[in-house]
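Presented below is the structure to which this report refers.
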Protein chains: 2
Amino acid sequence: MTSATTRPPRPNAGTKGVARPEREAQIIEAGCRLFGEHGYLATSVADVADAAGISKPLIYNYFGSKDGLHVACVKHASAVLVSEIERTAALGAVGFARAVVTLDGMFRLLEPRPWLWRVVFDATAPREGEAQTWLAEHERRIMDFGREGVAELMHLAGNDDPLDIDAMRAAWESIFRALVNWWLDHPGESPEEMTHRCLRLFRTVFGELDLSGTALT
Amino acid sequence: MTSATTRPPRPNAGTKGVARPEREAQIIEAGCRLFGEHGYLATSVADVADAAGISKPLIYNYFGSKDGLHVACVKHASAVLVSEIERTAALGAVGFARAVVTLDGMFRLLEPRPWLWRVVFDATAPREGEAQTWLAEHERRIMDFGREGVAELMHLAGNDDPLDIDAMRAAWESIFRALVNWWLDHPGESPEEMTHRCLRLFRTVFGELDLSGTALT
DNA sequence: AAGAGTTAACTTACTCAGGAGTCATATCGA
DNA sequence: TCGATATGACTCCTGAGTAAGTTAACTCTT
């Protein structure tokens, strides 16, 4: 007995038997967290494997490459964000009130898993590489909801220059991103508080907002 | 035959005799370009050495480490940007006109070397690490010029909440950054054209600007 | 029911490339 | 001859990707 292990302990290989879809979901969950918190470049496949409680080759078995894993994570994260945006879009608010409603939904969505945001807006993700052409597409889908509003604002002001509209859209998106990022950098702030902060800021610049038909006060 | 060169050819080592300050400037120039165009993580010390036309050990001899080289590049880039901002700040424009004047100066400054901007605002630069505490300080100095303006705007609107002011400042900075980034992504656009584009956008949102005392039309 | 064969899940232990950093040495002007 | 300028040729480590094998569960017989 105590002579026990001449052989080194050969633990579980293949014993766990977790079904592939479930395992993939676990890996994507861990991947989103690490990619979101540290960025693509600073995250290694081994890190993700550790965090998911499995070994590196399993990730290659299921996702093919680091890029493949990354794409799966971005798909997951952006699907979550897009569905939230489409939900709030269907609420029917217009103008700046719609922006605040969208921000409010985003804050509530991100509170339990803030890293999802930076999975999609990750500056260290490789911009080149065919798989990532795809990522730009999803960033665009997430931000698209503001495009019409900007075009309409510009049209009312008598400006239909497409480049002017595009630059304005870029500025507008950056505000949205900046407010989310500011909130992510202030972890003590509840979604409700942040939404009201956004309301105050919008009112300061744009005057009173039409909140009728929203759940906001 | 020609048993000639048993020894491999040992070419010039130490022959060039360029004085250290001049060499350092060349290396920093190349470093700014590569760090700015590809980001800190994606740039290797060997790349910089190649671009500067010298060998890797010389960089370690002069800057000690990749971090040391990076700090030197950030110092250089941010010094250039800060001096330009202080120059335009001294012109005496106020409010949004001052913002446009600052943007105008930035466009003209960056036109021949656009990469300088992204040296300072590099998302792949390591946020941790004592040397980079420093970088945040310089980003702040570059953006500080907008802080008072935001605080004053908020005060006039009767809001002195420091967190509200900070969030507004973040949003404002993001607009500035977004306009510069948009311009960098549209290489065909001259500084003059971009400045007038900015003027149109500011007018659309904030109404007519007080351009008296500026060189702008 | 008890074995035989197949497959999916999973691991250890590698290879290989690239990049940070170092060492010993070479050239040249003062 | 000494110090500054400079380099080729290393070491060493990290991280992507792979090969080969192990375990268990699920068949398919008889």
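The figures that follow rest on heavy atoms only: side chains count, while hydrogens, waters and symmetry mates do not. Just so it is clear: chains get the letters A, B, ... in the order the sequence lines come, proteins before strands, and each one is counted from 1. This is a predicted model, so every value here is computed, not measured.
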So what does Phe63(B) touch, heavy atoms closer than 4.0 Å: a base, only the sugar-phosphate, or nothing?
nothing
With heavy atoms under 4.0 Å as the rule, sort Ser55(B) into base, sugar-phosphate or nothing.
base
Can you tell me the distance, in whole Å, between the CD1 atom of Ile54(A) and the C1' atom of dT12(C)?
14 Å
To the nearest angstrom, how far is Tyr60(A) atom OH from dT12(C) atom P?
16 Å
Among Val80(A), Thr88(A), Leu81(A), find the residue that satisfies the side-chain contact (heavy atoms from CB on, under 4.5 Å) test when tested with Glu84(A).
Thr88(A)
Provide, to the nearest angstrom, the distance between the CD atom belonging to Glu22(A) and the P atom belonging to dA9(C).
11 Å
Rounding to a whole Å, what distance do you find between Leu41(B):CG and dT14(D):P?
16 Å
Send over the distance from Gln26(B) CD to dA6(D) C1', rounded to a whole Å.
13 Å
For atom NE2 of His38(A) and atom C1' of dG15(D), their distance in whole Å
16 Å
Measure from the side-chain heavy atoms of Asn61(B) and tell me the nearest of dA20(C), dG17(D), dA6(D).
dA6(D)
Under 4.0 Å: is that the gap between some side-chain N or O of Tyr62(B) and OP1 or OP2 of dA6(D)?
yes
Starting at atom CD1 of Ile59(A), determine the distance to atom P of dA16(D), rounded to an integer number of angstrom.
10 Å
The residue, Arg20(B) or Pro57(B), whose nearest nucleotide of DNA chain D is more 5′ is Arg20(B)
Send over the distance from Glu24(B) CD to dT5(D) P, rounded to a whole Å.
9 Å
Answer with yes or no whether the side chains of Gln132(A) and His70(A) bring together a donor and an acceptor at under 3.5 Å.
yes
Of the nucleotides dT7(D), dT11(C), dA20(C), which has the atom closest to the Leu58(A) side chain?
dT11(C)
Arg23(A) side chain near dA8(C) phosphate (N/O to OP1/OP2, under 4.0 Å):
no
Where does the angle between the aromatic ring planes of Phe107(B) and Trp183(B) fall among parallel (under 30°), tilted (30 to 60°) and perpendicular (over 60°)?
tilted
With the threshold set at 4.0 Å, does a side-chain nitrogen-carboxylate oxygen contact exist between Glu189(A) and Arg197(A)?
yes
Ignoring hydrogens and angles, are the base of dG17(D) and the side chain of Lys66(A) linked by a donor-acceptor pair under 3.5 Å?
no
Should the pair Trp182(B) and His186(B) be assigned to parallel (<30°), tilted (30 to 60°) or perpendicular (>60°) ring geometry?
parallel
